[in-house]
Amino acid sequence: MQTLNSYAPEIIRIVMAVVGGAVVVFGNALVMGYMERKLAGHFQRRTGPMEVGFHGLLQLVIDGIKLMSKQLVIPAKADKPLFMLAPIISFAPVFLPLLVIPFSDRIQGFDLDVGLLFVLAIASINVLAVLVAGWASNNKYSMFGAFRAVAQNVAYEIPMLLSLLAIVFMTNTFSLRGIVEAQTVWFIVLQPVAFIIYLICMVAETNRAPFDLAEAESELTAGFHTEYSGMSFSLFMMAEYTNMFIVSCIATVFFLGGTSGIPLPYFEYTGIIWFLLKVYLFMFFLVWIRWTYPRTRFDQLMNLCWKYLLPISLVNLLITVVVVKL
Amino acid sequence: MNVDVIEDERQHQFVLNMGPQHPSTHGVLRVLLKMEGEYVLDPQPVLGYVHRCHEKIGEYKPARAFMPNTARMDYLGALIYNQGYAMLLERAAGIEVPRRAEYIRVITSELNRIQSHLLWYGAYLLDLGAFTPIMYAFDDREHILDTLEDICGSRLTYCYCRVGGVCKDIDDKFIERTRAFIERLRGRLPMYEKLVNGNIIVQKRMKSVGNYTPELCARYGVTGPLLRAAGVEYDLRKAEPYSVYSEFDFEVPTEQQGDAWAAFNVRYREIEQSLRIVEQALDKLPEGEVMEAKVPKKLRLPQGDYNCSVEAPRGELSYYLVSDGSDIPYRIKVRTPSYSNLSVVPEVCKGMMIADVVTSMGALDLVIPEIDR
Amino acid sequence: MNVKAMQKKWLELGVEVEETEYAKTGYDFSLTLPAEKVHALAEVMLADGFYLVFVTAVHALPAIEVVYQFALASSPRCRVMARTAVRADGTVPTISDIYQGANWHEREARDFYGVVFAGHPNLVPLILAEEDVDLKPLLKEEKNLKDISALRHLPAEAEPKEEKAPAAAKKEPAATDKKAAKPQASN
């Protein structure tokens, strides 16, 4: 950050941030796409992609070419402008939260004072995209998916924020860098309840199984993206993967000490390596439970949030506040 | 598909068309769901998308030539369908079957039942959103298919039974592989229990979904695992011991709750019982011929009507044949279990959430070609 | 459920009851009744705990015959075949108000044979497409049509049957002996 701040003029900084963001988004989509298929394969006692490249490493490239060359089918009675807009609404904002995430003590776009609020605010735009997609498709399954997604995301944002607020109270800052620096002991030790609540909400916020009610393949065929094909579908996919990346980053920053870790010898960028390792640990967790658990029912999902997570996170917040103020 | 809101007394009701191409109808079944929000007010199955007129075909060719058709009705229980039809003709023509052939029929039928249940196990959990168990179940099922392929020549639509026996004797290799498979599956069942059956999400999804009572089952003619899940200990292998089933020691698993979870458990436990039967049959396997030699080329059935009921993986399968004394049946009626089991959906699934409709239709273990015949 | 008591009930309804040999036909009782009695019989059957196996029709002369099969879901089996001729106006009373499962079976019979089940709540095509309502695909051609009496079991003649029975009986123990001997040998 200091390097960026002191030496480069503002314009170069912005260009670098945008390029860096794009690299993270697409790089993450490639890594995650490969990782998910390979892991899913091994969870199911098969090999996953093996044909293209060494152990299927180029599979995602081939898939990308296929998706790009596919025709964009727009249903006859769909709302065309909105139908095309939805994937863009979903994909465009995912760059922004990346700007405030402290990848290491040097690599960070901006250190906003309200970093956490910024990330959560931008992340919630995704719900709008899902709703627009469901509405514009003019398909009942899509509508169902969209309704479910909205109800689910709005509900789960509350315990998610409350569990993170407990840490904000402890550190007295919304800045992500400030939170990383405040961790002499990782907050997973001091705030285990908040961590578990955040973990559950993280799965629900990214619409991943077992909380993938918005897609619910066996009930709603493919939920809100039933009618999407080709590149518009892959924009949704990339947005989903980037959202997973962002929530994992937040988890790393808040609970696993961000960049902290044993210094690696002879290497300047220890921080980012530890950071990405922790992030992909969370990603592995997300993939792992997706291929292990069945889907919950919608009312069960809502009950979990309103009856358990919300009260527990409130109590947790209260206790934290009292302890901090004493 | 268009959002066409029905102008009903309540404006916010609408019809959701589930199928004919839908991931959880397991084939070309279409269900019209009249919905209000997430709740299903009136589910109406629409049949006939894969009707292939088996009953009509049966009236146009010699009775024994209908055998391959039976395998095409229920592609998961083909050998049991074979066996039932062969028994019907043997009953009508008064043909005795060699004991070795009866034993082989039982062994293959039970293996067929196990693979049907394994496929259901995986597919049902897939309906609930668990992607992985189906791969494990298919892994096990593959062993059965390979074993049966060796003696029957096909993997799914068998035509193994003949009037008066079976077409090919089993060899030592088959026996060895079957025994190895029994060992293997016995070792794997505890793993399934640990991985899936104890999972709280699985249990919460299935418990108190559906409410089958013995009375409801009688009114709709629901048979098989669903009837046993409602607490009625009725299995045709015990109640009307056909073939050589009376010589084996096995239990009929029953549950009392009558919901999807009970049906799940009944089916799951039936796998173990089928393994027991296969094991005993292999132990007791008599020597001898597998084909009765004195079956006439042109099989004339004495006039009259004949019925033969066997326990298929999904419930009671009945063949009803009316003969006018010639070698061509006058009328063949096949009563398939899924047909009656599915007809219960409008009553049982009324007022459920859409996710529960998927759960309870999965518990029926539908095979659509069997419904449409 | 006592078989004698059930038989008595059926006879009280005015149904012809014929006991059949299970080993030969696959069912225990054959009931023949006029169409008017179908509804009453179904009520009795349900009260006795029978479930409906199927409803179907057989095209024969002089009229299409509707066949019902009932069975008892308990261990001493009892399988009953009930048959009735379609009335002159082509109708048979429905039993779908008693046995709801008959709903689909009756609709199927309507599709294939054109038998109208009077009082059925929803007699629209189930298997056939809606435009094929009057196709009646399972009706036989004139030349293939048989009289109903040609489709009934012939009365068992005493002579050949008795000859056959001991032969079968003789075969049975021989087979069991063989089977009993086999495991010993292998041991």
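Not measured: the values here are computed from a predicted model. Every chain is numbered from 1, with letters handed out A, B, ... down the list of sequences. The basis for the numbers below is simple: all heavy atoms, side chains too, and nothing from hydrogens, waters or symmetry mates.
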Closest approach of [X] and [Y], non-hydrogen atoms and distance?
{"X": "C/Gly101", "Y": "B/Ser343", "result": "CA-OG, 4.3 Å"}
{"X": "C/Tyr113", "Y": "B/Arg331", "result": "OH-NE, 2.8 Å"}
{"X": "B/Lys56", "Y": "C/Leu139", "result": "NZ-O, 3.8 Å"}

Heavy-atom distance under 4.5 Å to chain B: side chain of [X], backbone, both or neither?
{"X": "C/Leu46", "value": "side chain"}
{"X": "C/Arg83", "value": "side chain"}
{"X": "C/Ile148", "value": "neither"}
{"X": "C/Leu128", "value": "neither"}
{"X": "C/Ala57", "value": "backbone"}
{"X": "C/Phe70", "value": "neither"}
{"X": "C/Val124", "value": "neither"}
{"X": "C/Ala23", "value": "backbone"}

If you tally heavy-atom pairs under 4.5 Å against chain C, which of [options] wins?
{"options": "B/Ala218, B/Gly48, B/Gly221", "value": "B/Ala218"}
{"options": "B/Ala239, B/Cys53, B/Pro98", "value": "B/Ala239"}
{"options": "B/Pro346, B/Gly304, B/Ser309, B/Pro302", "value": "B/Gly304"}
{"options": "B/Val344, B/Ile371, B/Leu342", "value": "B/Leu342"}

Side chain, backbone, both or neither of [X] within contact of chain C (heavy atoms, under 4.5 Å):
{"X": "B/Tyr49", "result": "neither"}
{"X": "B/Ser323", "result": "backbone"}
{"X": "B/Leu88", "result": "neither"}
{"X": "B/Arg100", "result": "neither"}

Supply the atom-to-atom distance [X] [atom1] to [Y] [atom2], rounded to the nearest 0.5 angstrom.
{"X": "B/Cys308", "Y": "C/Tyr27", "atom1": "SG", "atom2": "OH", "value": "13.5 Å"}
{"X": "C/Asp147", "Y": "B/Asp324", "atom1": "CG", "atom2": "CG", "value": "11.5 Å"}
{"X": "C/Thr56", "Y": "B/Arg335", "atom1": "OG1", "atom2": "CZ", "value": "12.5 Å"}
{"X": "B/Ser340", "Y": "C/Tyr99", "atom1": "OG", "atom2": "OH", "value": "12.0 Å"}
{"X": "C/Asp111", "Y": "B/His51", "atom1": "CG", "atom2": "NE2", "value": "8.5 Å"}
{"X": "C/Thr25", "Y": "B/Leu321", "atom1": "OG1", "atom2": "CG", "value": "12.5 Å"}

Any side-chain heavy-atom pair from C/Phe54 and B/Glu316 closer than 4.5 angstrom?
->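 The answer is no; the side chains never approach within 4.5 Å.
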So do the side chains of C/Leu138 and B/Glu59 get within less than 4.5 Å of each other, counting heavy atoms only?
->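 They are in contact (side-chain heavy atoms under 4.5 Å apart), so the answer is yes.
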Determine, using ring centers only, whether [Y] and [X] are less than 6.0 Å apart.
{"X": "C/His59", "Y": "B/Tyr330", "answer": "no"}
{"X": "B/Tyr220", "Y": "C/His105", "answer": "no"}
{"X": "C/Tyr51", "Y": "B/Tyr234", "answer": "yes"}

Got a sec: does the CD of B/Glu176 have more than 12 other heavy atoms crowding it under 6.0 Å?
->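 No, because the 6.0 Å sphere around CD of B/Glu176 holds 12 heavy atoms or fewer from other groups.
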Under 6.0 Å from the CG atom of B/Asp172, do we count more than 12 heavy atoms belonging to anything else shown?
->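 No, not enclosed.
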Is the shortest distance from a Lys or Arg side-chain nitrogen in C/Glu43 or B/Arg219 to a carboxylate oxygen in the other one below 4.0 Å?
->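 No, no charged N to carboxylate O under 4.0 Å.
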Intermediate values then yes/no, side chain to side chain contact (heavy atoms under 4.5 Å, CB included), B/Glu240 and C/Arg79 | CA-CA 10 Å; B/Glu240 298 180 24; C/Arg79 208 165 266 282; 2.8 Å; yes
Knowing that exactly one of B/Leu47, B/Val46, B/Asp372 qualifies, which makes a side-chain contact (heavy atoms from CB on, under 4.5 Å) with C/Leu126?
->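 Single side-chain contact (heavy atoms from CB on, under 4.5 Å) partner of C/Leu126 among B/Leu47, B/Val46, B/Asp372: B/Leu47.
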Choice from C/Met81, C/Gln100, C/Arg77 maximising heavy atom contacts with chain B below 4.5 Å =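 Among the listed options, the one with the most contacts to chain B is C/Gln100.
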Pairs of heavy atoms under 4.5 Å with chain B: top-ranked of C/Ser30, C/Pro125, C/Gly26 |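 It is C/Gly26.
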Begin with the C-alpha distance, continue with both residues' side-chain angles, and end with the deciding distance and a verdict on salt bridge (Lys or Arg N to Asp or Glu O under 4.0 Å) for C/Glu108 and B/Lys333.
-> CA-CA 12 Å; C/Glu108 192 188 300; B/Lys333 158 81 185 170; 3.6 Å; yes
